[in-house]
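Just below is one structure, and these are the notes that go with it.
All values below come from the heavy atoms of this structure, side chains included, with hydrogens, waters and symmetry mates left out. Residue numbers run from 1 in the order of the sequence given.
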Amino acid sequence: MIHILLLLLKIIGITLLSLLGLILLIILVVLFVPIRYSLNVEADKSVEARACVSWLLHLLHAKAVYDGAFGIVIRVFGIPVKRIPAPEEKKTKKSKEKHKEKKRARGKKAEQTQDRDDTKEEAGTESGAETAAGETADANRTENETKTAAEEVTCSAPDETAVLSETVESEGEKKEKLSFFQKLVQFVRAVRAFFSKILYTIQNICGKIEKVKELVGYYSEVLKSEEGQRTFALAKRELGRLWKHIAPTKLRGSLTIGMGDPAATGQIIAIVSMFYPIYGNNVSITADFDEKCMRGSLYLKGRIRIITLIRIAWRVYFNKDVKTFLHMLKREENEA
């Protein structure tokens, strides 16, 4: 009996250890196996671009292509899982569906118009006599109604004019009763209210300016502090490490630029030359001072490891200077 229990415990332990080893292996693979990317661009009269992202010997693979239209294919174990077709394919599918819907709508409209024509022909003969009699009766009614309305207007007109004349006379009397002194008082009050509003707005603007000055002075002191300087030095150092890691390991290309105007071409070449520390001697740039053109090719390839990104984030997040610097930036919490 004890032998059986020991055997069961041994089997359970082996399975648990194998599961833990498998989980550990998966974690190590995710952390240390790099994500590889590549980009190939060619431009002459049209632009063609291909971008690929793969992981673990193309176990996961994504490819994007642009050749006048855009498309993406995502593969897992070489099997396409997700496809985003090009805009032309989407347009053709939508146009076919719309064409089918239009045909159906036309068929329905034709059936409805036929049914309406049949019903109108049947009802036209029956309602002919009824409409004629109804029209004569309606004409007589309208004549009687117009006569009564005219009589009512003539009766009520003198009363309304009298009321209007009385109201106009009362308003004129009230206006005459207002003295010059009262008008002057109203004018003075309006002027005082106007200037009080101006003073209130000026005080608000001055208060806001003072607050802005205080904030600028406080944050300038925070940036000049030792913690701020060390934080900026750390951020600069870690950003440099991040760029070195994600920068392409292979880079080559050529570019020919021509703007049709020698002065404009020289300005563009000067701007592009500012990025020489990034591309170095891997990309050759030539100027065409005669024609207006933009042609060339570019190929780059690189990799990104998750473990490196985690290390950089760990060093930044758990740094004491960064925590104190962020706490100093929260001025409201410090004052409270």
Side-chain angles (χ1 to χ4, degrees), residues 20 23-39 41 49 51-56 60 62 64 72 74 203-253 255 267-283 285 298-336:
L20 289 173
I23 293 167
L24 182 62
L25 179 63
I26 292 169
I27 292 169
L28 293 174
V29 167
V30 171
L31 292 176
F32 290 96
V33 174
I35 299 168
R36 301 184 184 277
Y37 64 89
S38 63
L39 177 66
V41 181
C52 296
V53 179
S54 62
W55 180 72
L56 194 61
L60 297 175
I72 297 174
I74 299 171
Q203 289 176 357
N204 287 332
I205 291 167
C206 292
K208 289 179 180 178
I209 290 168
E210 289 178 357
K211 288 181 180 179
V212 170
K213 286 182 179 179
E214 290 178 359
L215 289 173
V216 170
Y218 176 77
Y219 286 116
S220 64
E221 290 178 358
V222 171
L223 295 174
K224 291 177 182 178
S225 63
E226 293 180 358
E227 291 83 359
Q229 295 296 322
R230 286 197 292 267
T231 301
F232 280 112
L234 176 67
K236 184 178 179 180
R237 185 169 61 252
E238 296 300 329
L239 285 173
R241 290 176 180 174
L242 180 63
W243 170 248
K244 286 181 182 179
H245 179 68
I246 66 174
T249 56
K250 291 183 180 180
L251 176 65
R252 62 176 182 272
L255 181 64
Q267 291 176 359
I268 296 296
I269 294 296
I271 293 169
V272 174
S273 299
M274 293 171 64
F275 300 95
Y276 179 79
I278 296 173
Y279 59 81
N281 296 322
N282 297 315
V283 179
I285 297 172
L298 178 67
Y299 174 77
L300 59 88
K301 186 178 181 181
R303 80 283 179 273
I304 299 170
R305 286 189 176 89
I306 303 297
I307 187 64
T308 306
L309 301 179
I310 292 171
R311 287 172 62 191
I312 293 169
W314 183 279
R315 284 195 294 265
V316 172
Y317 184 76
F318 289 100
N319 193 343
K320 293 180 180 179
D321 293 329
V322 174
K323 288 183 178 180
T324 54
F325 179 73
L326 293 175
H327 184 70
M328 291 168 67
L329 289 177
K330 296 178 181 179
R331 186 183 179 188
E332 295 178 356
E333 294 181 358
N334 293 329
E335 290 178 354

If you measure from [atom1] on [X] to [atom2] on [Y], what distance do you get to the nearest 0.5 Å?
{"X": "Arg237", "Y": "Leu239", "atom1": "CZ", "atom2": "CG", "answer": "11.0 Å"}
{"X": "Ile306", "Y": "Phe32", "atom1": "CD1", "atom2": "CZ", "answer": "11.5 Å"}
{"X": "Leu251", "Y": "Leu39", "atom1": "CG", "atom2": "CG", "answer": "10.0 Å"}
{"X": "Thr308", "Y": "Leu31", "atom1": "OG1", "atom2": "CG", "answer": "10.0 Å"}
{"X": "Glu227", "Y": "Leu326", "atom1": "CD", "atom2": "CG", "answer": "11.5 Å"}
{"X": "Ile246", "Y": "Tyr37", "atom1": "CD1", "atom2": "OH", "answer": "7.0 Å"}

Under the ring pair (Phe, Tyr, Trp, His ring centres under 6.0 Å) rule, collect the residues that match up with Tyr299, sequence neighbours excluded. none
State which residues pass ring pair (Phe, Tyr, Trp, His ring centres under 6.0 Å) with Phe318; sequence neighbours excluded, sorted by chain then number. Trp314
Leu223 backbone acceptor or donor facing Gln229 side chain under 3.5 Å: yes
Correct closest heavy-atom pair for Tyr276 and Asn281 would be OH-OD1, 2.5 Å
Kindly state each residue pair satisfying salt bridge (charged side-chain N to carboxylate O under 4.0 Å, His left out) with at least one member in [range], sequence neighbours excluded.
{"range": "residues 29-38", "value": "none"}
{"range": "residues 313-322", "value": "Arg230-Asp321, Glu238-Arg315"}
{"range": "residues 300-312", "value": "none"}

Listed partners of Asn204 passing side chain to side chain donor-acceptor pair (under 3.5 Å), at least two apart: none
Any [X] side-chain heavy atom under 4.5 Å of [Y] side chain:
{"X": "Ile278", "Y": "Trp243", "result": "yes"}
{"X": "Phe325", "Y": "Asn319", "result": "no"}
{"X": "Val30", "Y": "Trp55", "result": "yes"}
{"X": "Leu60", "Y": "Ile74", "result": "no"}

